[in-house]
Each structure stands twice: as structure tokens, then as C-alpha cells.
Amino acid sequence: MRGGCRIALSGTPGTGKTTISKILKKEGFNVFSLEELANEHNCLGELDISDNSKPIDLELLISKLENEWDTVPDNIIIIDGHLSHLLPCNHTIILRCRPSILQARLEGRGYSKAKIQANVEWELIGGPWNDNLKNNNWLELDTSEMNQNTIKDIIVKWITDEFKPTVIDTDIDWIAVMEE
């Protein structure tokens with residue numbers, strides 16, 4: 001791999017982003033959360049008690065990062081966050097999960113029914129993938145039943161192969177699966 005780059009690690013909450021980020025960090029990658037970046041750039045709002053999260057002013061963050069990220073980093077930087085695919089990154093990894101499994105994962109986290117439904121619907125329609133059409137270098141992985149180390153190995157291989165192929169399309173279509 002020549003030089004560095006920025007890689008968005010995105011996907012619906014519950015697809016495994018933070019778990020995979022921790023594993024990649026142990027492998028020596030520089031990993032930052034979207035929330036850390038937003039906080040660092042004063043783009044993080046106050047805690048919303050309705051869903052226990054802090055809103056990120058993405059437009060402001062993107063405008064700040066576009067200037068700051070004008071230069072290529074020395075190393076590979078991975079940005080973990082369900083909206084990281086919207087940042088000015090060079091490459092994107094989107095983690096996906098079968099809606100029924102995702103629902104169980106989110107229930108295990110104690111999410112409200114409304115938050116679970118919103119996230120399962122987001123995954124069902126392929127929200128992150130649809131937002132990512134502008135980025136030609138991406139990898140999409142189904143984490144429903146895949147071992148975490150296997151996911152890590154696929155990601156590392158993709159990076160060390162200089163992001164080839166430029167699009168690994170697993171053709172994940174949960175709606176079609178439900179109709180079978």
C-alpha cells in the first residue's frame with residue numbers, strides 16, 4: 001500500500017462497525033469514531049434524551065474536514081460511524097446485516113421499539129449503500145453470520161491489494177430475500 005488514505009467504516013447501528021474497528025485498531029490501523037471527529041471540530045450537539053445520542057452537524061463537519069483533509073495522510077485512517085460514508089473519505093466499507101438478526105442485536109442493546117424499527121428499516125432498504133453511490137471505491141460485507149476475524153481478514157486483504165477490485169458488490173438485497 002502506497003501512502004495513506006481515509007476509509008469510512010459505515011453501516012446501520014448493530015452491524016458490527018465498532019467491534020471491527022477495535023479489531024482493526026489492534027492490527028495497527030489508526031481508527032477514529034465519527035463522534036470523536038465531530039467533538040474535536042465542535043460539531044457535536046447536546047445529548048438528545050429521546051434516543052440517548054448526540055446529533056452531529058454533518059454539513060459543518062464535512063466543510064471543516066474538506067479543508068483539513070486536503071492533504072493525503074501518511075497512514076491509513078479508518079473512520080467508524082454509521083454516517084462516516086458521507087465524509088470526504090477515499091474508500092468506504094459498508095457492513096450489512098440481515099434485518100431479523102439486526103433486530104435481535106438492537107433489542108439486546110435495549111433500544112426503544114421506535115429506534116429498532118427505524119434502524120431495521122434503514123438496513124432493509126440499504127440506506128448506507130444508497131447514500132454511497134458517489135464513492136466508486138467501496139466494499140460491502142454481510143456480517144449477519146460471518147466471524148469477526150473473517151471480516152477483518154477480508155478488509156485487510158482489500159486494503160493490502162490496494163482496494164481492488166474497486167467495488168466488491170455482494171448484491172445484498174434484503175427485500176428480495178424476504179420475498180423468497
Side-chain angles (χ1 to χ4, degrees), residues 1-45 47 52-97 102 105 109 119 122-123 127-129 131-143 146-170 172:
M1 178 79 210
R2 293 181 213 126
C5 64
R6 292 177 187 86
I7 304 171
L9 179 59
S10 190
T12 307
T15 55
K17 296 176 304 298
T18 301
T19 300
I20 297 303
S21 290
K22 288 177 184 175
I23 293 170
L24 290 169
K25 191 169 191 163
K26 286 181 184 174
E27 290 288 315
F29 290 97
N30 295 312
V31 178
F32 300 94
S33 74
L34 179 60
E35 187 173 341
E36 288 172 331
L37 284 175
N39 189 42
E40 177 185 323
H41 291 86
N42 297 315
C43 298
L44 195 59
L47 182 67
N52 200 32
S53 66
K54 294 181 179 181
I56 295 173
D57 185 337
L58 269 175
E59 287 182 26
L60 179 60
L61 180 59
I62 290 168
S63 70
K64 289 182 176 189
L65 292 177
E66 283 175 340
N67 294 328
E68 185 179 314
W69 288 3
D70 205 19
T71 59
V72 176
D74 293 331
N75 300 305
I76 294 173
I77 298 172
I78 297 174
I79 312 300
D80 164 22
H82 77 279
L83 297 174
S84 64
H85 61 279
L86 299 174
L87 299 179
C89 292
N90 308 99
H91 310 282
T92 302
I93 300 166
I94 298 176
L95 302 184
R96 305 286 309 274
C97 183
L102 181 65
R105 289 179 184 177
R109 291 182 178 184
N119 283 306
W122 180 250
E123 177 62 25
W129 182 87
D131 282 345
N132 197 49
L133 293 176
K134 65 178 175 46
N135 187 335
N136 292 329
N137 254 350
W138 58 276
L139 169 68
E140 180 182 43
L141 297 171
D142 178 358
T143 65
M146 196 182 301
N147 175 287
Q148 297 165 351
N149 286 319
T150 302
I151 295 167
K152 182 260 307 176
D153 290 343
I154 292 169
I155 291 170
V156 170
K157 182 176 182 345
W158 186 61
I159 292 170
T160 57
D161 285 348
E162 297 191 16
F163 308 97
K164 292 178 185 144
T166 56
V167 175
I168 298 178
D169 186 358
T170 55
I172 297 171

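Note that this is a predicted model, so its numbers are computed, not measured. All residue numbers refer to positions in the sequence shown, counting from 1.
Closest approach of L58 to L83, counting heavy atoms only: CD1-CD1, 3.5 Å. Of all non-hydrogen atoms in P13 and N119, the two that sit nearest each other are CD-OD1, 3.3 Å. In plain terms, the two heavy atoms of T143 and R105 that are nearest each other are O-NH2, 3.0 Å. The heavy-atom pair separating I76 from I7 by the smallest distance is CG2-CD1, 3.6 Å. Nearest approach of W138 to W158, heavy atoms of both residues: C-CZ2, 3.7 Å. In this structure, K64 and C43 approach most closely via the heavy-atom pair CD-SG, 4.1 Å.
The structure places NE2 of H82 at 13.5 Å from CG of L95, a figure rounded to the nearest 0.5 Å. To the nearest 0.5 Å, atom OG of residue S21 and atom NZ of residue K26 are 12.5 Å apart. The CG atom of N137 lies 11.0 Å from the CD atom of E162; values are rounded to the nearest 0.5 Å. The distance from the NZ atom of K152 to the CE atom of M146 is 13.5 Å, given to the nearest 0.5 Å. Distance CD1/I159 to CD1/I154: 12.0 Å, rounded to 0.5 Å. With values rounded to the nearest 0.5 angstrom, I93 atom CD1 is found 9.5 Å from I20 atom CD1.
Between H91 and F163, the angle of the ring planes stays under 30°, which puts this pair in the parallel group of the 30/60° scheme.
Remark: the backbone N or O of T150 is paired with a side-chain donor or acceptor of N147 at under 3.5 angstrom. Checked by atom type and distance alone, the side chain of T92 never pairs as donor or acceptor with a backbone atom of H85 at under 3.5 Å. The backbone N or O of L34 sits nowhere less than 3.5 Å from a side-chain atom of S84 that would complete a donor-acceptor pair. Under the 3.5 Å distance criterion, the side-chain polar atoms of N90 are matched with a main-chain donor or acceptor of R6. Not one N or O on the side chain of K17 forms a donor-acceptor pair closer than 3.5 Å with the backbone of I94. Side chain of E123 to backbone of C97: a donor-acceptor contact under 3.5 angstrom is found.
None of E40, E66, H41 except one satisfies the side chain to side chain contact (heavy atoms under 4.5 Å, CB included) rule with L61; the exception is H41.
Two residues are said to be in side-chain contact when any heavy atoms from C-beta on lie closer than 4.5 Å; I151 and I23 fail this criterion. Side-chain contact between L141 and I155 is present, with heavy atoms from C-beta onward closer than 4.5 Å.
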